[in-house]
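Because only heavy atoms are used, hydrogens play no part in the values below, and waters and symmetry mates are left out as well, while side chains stay in. Counting starts at 1 for both ligands and their atoms, following the listed order.
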Amino acid sequence: AKSPIRVAVTGAAGQIAYSLLFRIANGDLLGKDQPIILQLLEITPALQAVTGVVMEIDDCAFPLLAGVVITDDPEVAFKDAEIAILVGARPRSKGMERADLLSANAAIFKVQGAALNKVASRDVKVLVVGNPANTNAYIAMKSAPDLPAENFTAMLRLDHNRALSQLAAKAGVPVASLEKLAVWGNHSPTMYPDYRATTTDGASVKAKINDETWNRETFLPTVGKRGAAIIEARGLSSAASAANAAIDHVRDWVLGTDGGWVSMGVPSDGDHGVPEGIIFGVPVTCAGGKYTRVKGIEMDDFSKERLKITLDELIGERDGVAELLK
Ligand code: NDP
């Protein structure tokens, strides 16, 4: 039998975690033959609520669950973790300026990056879900100088999955037939879902849809504002779909995509004029526990414009937290 893998999850009492933890424990993350130990981090006032979630996890009697740790200390939560899914973040409250939100989160992710640096597995794979996800991942990465920078990633997968679903509906094809979608940039309404290369059973989806007005006036805003539309309809933010995307992101990173493209926020290597280190959504393939950027994608004028918008936003965020990283 395989020995257990330690999976750390922060924000364990939150909405997303309430979907995520059960699926991890069920084997959806690392496979049905891989025992896991959950290491759950919360802020002190939420620890009691985590205890309640863990009572429910216990009541599922998951065969793969080899242990659960509950703590408010990042150095306990991240100890020997091979996977760290950072969901907990400071939500924007009424009257809070964007700059305040950035710095409140920068403080959290600085501490968590330092703790990962100190106690996590040297190969720990980090996924940041908590917003602003790309910049939070950047801060954690910068605060963990002894860990490989490429192991810090942000979640673009929900945007990717949302785009796949919209495309499949528009083209009238099964979602599973779609390949080669790219979502570029920040996990925010500025991200750019790009289906210029997307195929369905080998044929161009762009040619099949053949409607550039739909792309610009319906598809891009629908995907970009999907989070807000769900809040409007449901009265609560998306949580199960965000948890599902987190599972997809980590599972594919660990177990591979068999040549398929997925979108991940990863530290830039300078491609497409994105300054090095900025955590930017790009298409990747995964194999052997590593991701590889899909290279050689040409940008047309419209795509360049869209890339610039999302990049400018990320540069602004990076500059906004620069002082805190000193
Ligand atoms: P959720 O579980 O709903 O969301 C957690 C984070 O994920 C938020 O930052 C949210 O961003 C973000 N997110 C990213 N993508 C999405 C998406 N597509 N849809 C929805 N959310 C998305 O938040 P809760 O408030 O229910 O729970 C957060 C928990 O985190 C709380 O229990 C809090 O105590 C905890 N926390 C823990 C910390 C720690 O472990 N040290 C630190 C700070 C908080 P957005 O705000 O933009 O919706």
Side-chain angles (χ1 to χ4, degrees), residues 8-22 38-54 69-78 81 84-94 96 98 100-116 126-137 139-140 143 153-163 165 183 186-191 223-249 263-265 279 281 317:
V9 179
T10 76
Q15 274 212 93
I16 293 176
Y18 193 67
S19 287
L20 180 62
L21 298 175
F22 295 83
L38 282 173
Q39 305 196 150
L40 308 179
L41 182 68
E42 254 300 351
I43 54 175
T44 316
L47 284 177
Q48 196 196 332
V50 183
T51 310
V53 175
V54 171
V69 174
I70 302 172
T71 181
D72 57 3
D73 180 351
E75 291 188 14
V76 174
F78 297 146
I85 307 181
L86 311 187
V87 181
R90 181 74 184 277
R92 190 192 296 257
S93 39
K94 260 215 166 81
M96 202 179 192
R98 189 171 171 81
D100 300 334
L101 183 74
L102 265 176
S103 55
N105 279 301
I108 295 169
F109 286 84
K110 197 174 168 173
V111 169
Q112 295 189 359
L116 286 162
V126 182
L127 167 62
V128 178
V129 175
N131 278 318
N134 297 50
T135 297
N136 289 340
I139 293 160
S143 306
T153 68
M155 191 166 91
L156 270 291
R157 186 61 175 264
L158 184 54
D159 308 298
H160 184 99
N161 287 346
R162 284 168 172 167
S165 162
V183 182
N186 200 6
H187 170 63
S188 90
T190 66
M191 50 84 208
V223 178
K225 296 179 194 153
R226 187 71 165 176
I230 287 169
I231 292 175
E232 179 75 32
R234 187 179 170 249
L236 288 169
S237 61
S238 41
S241 54
N244 178 69
I247 297 263
D248 283 354
H249 176 118
S263 302
M264 290 172 68
I279 307 273
E317 291 183 12

inquiry  = Restricting to non-hydrogen atoms, name the atom on Leu41 and the atom on Gln112 that form the minimum distance, rounded to 0.1 Å.
reply    = CD2-NE2, 3.6 Å

remark   = ligand 1 atoms nearer than 4.0 angstrom to some heavy atom of Thr10 are 40 (O)

key: Close-contact set for ligand 1 against Gln112 heavy atoms, below 4.0 Å   = 39 (C), 41 (N)

request  = Could you check atom 10 (C) of ligand 1 against the protein and tell me its nearest heavy-atom contact, residue, atom and distance included?
outcome  = Asn131 ND2, 3.9 Å

inquiry  = Restricting to non-hydrogen atoms, name the atom on Met264 and the atom on Thr153 that form the minimum distance, rounded to 0.1 Å.
reply    = CE-CG2, 3.8 Å

4.5 Å side-chain heavy-atom contact, Asn186 and Glu317 = yes

remark   = With Ile85 as partner, the option from Val128, Leu127, Ile16 fulfilling side-chain contact (heavy atoms from CB on, under 4.5 Å) is Leu127

remark   = The closest protein heavy-atom partner of atom 38 (C) of ligand 1 is Ile43 CG2, 3.7 Å

query = To the nearest 0.5 Å, how far apart are CD in Gln39 and CD1 in Ile70?
reply = 12.0 Å

task = Taking all heavy atoms of Asn136 and all of Ala89, pick out the closest pair and write down the distance.
result = ND2-CB, 4.5 Å

key: Residue, atom name and distance, where the atom is the protein heavy atom closest to atom 14 (C) of ligand 1   = Val129 O, 2.9 Å

Sub-3.5 Å N/O-N/O distance, Ala13 and ligand 1 = no

ask   = Within 4.0 Å of atom 25 (O) of ligand 1 (strictly less), any protein heavy atom?
value = no

Protein heavy-atom partner closest to atom 28 (C) of ligand 1 - residue, atom, separation in Å = Gly14 CA, 4.1 Å

query = At a non-hydrogen distance cut-off of under 4.0 Å, which region of Leu158 contacts ligand 1 (side chain, backbone, both, or neither)?
reply = side chain

Value rounded to 0.5 Å, distance of CE in Met155 from CG in Leu86 = 12.0 Å

task = Starting from atom 7 (O) of ligand 1, find the nearest protein heavy-atom neighbour and note its residue, name and distance.
result = Ile16 CD1, 3.4 Å

inquiry  = Taking distance alone, with N or O pairs closer than 3.5 Å, would you say Arg90 contacts ligand 1?
reply    = no

note = atom 34 (O) of ligand 1 sits nearest the protein heavy atom Glu42 OE1, 2.8 Å

task = Spell out, as yes or no, whether a donor-acceptor pair under 3.5 Å connects the side chain of Asp159 to the backbone of Val223.
result = no

request  = May I ask you to list the atoms of ligand 1 that are less than 4.0 angstrom from any heavy atom of Arg162?
outcome  = 18 (N)

key: Which atom of Arg162 lies closest to which atom of Ser238, heavy atoms considered   = NH2-OG, 3.3 Å

ask   = Between Gly130, Ser238, Ala242, which one has a non-hydrogen atom sitting closest to atom 20 (C) of ligand 1?
value = Ser238

ask   = Do any N or O atoms from the side chain of Ser263 and from the backbone of Leu156 form a donor-acceptor pair under 3.5 angstrom?
value = no

ask   = What protein heavy atom is closest to atom 5 (C) of ligand 1, reported as residue, atom name and distance in Å?
value = Val87 O, 3.2 Å

query = What is the nearest protein non-hydrogen atom to atom 46 (O) of ligand 1, stated with its residue, atom name and distance?
reply = Pro91 CA, 4.1 Å

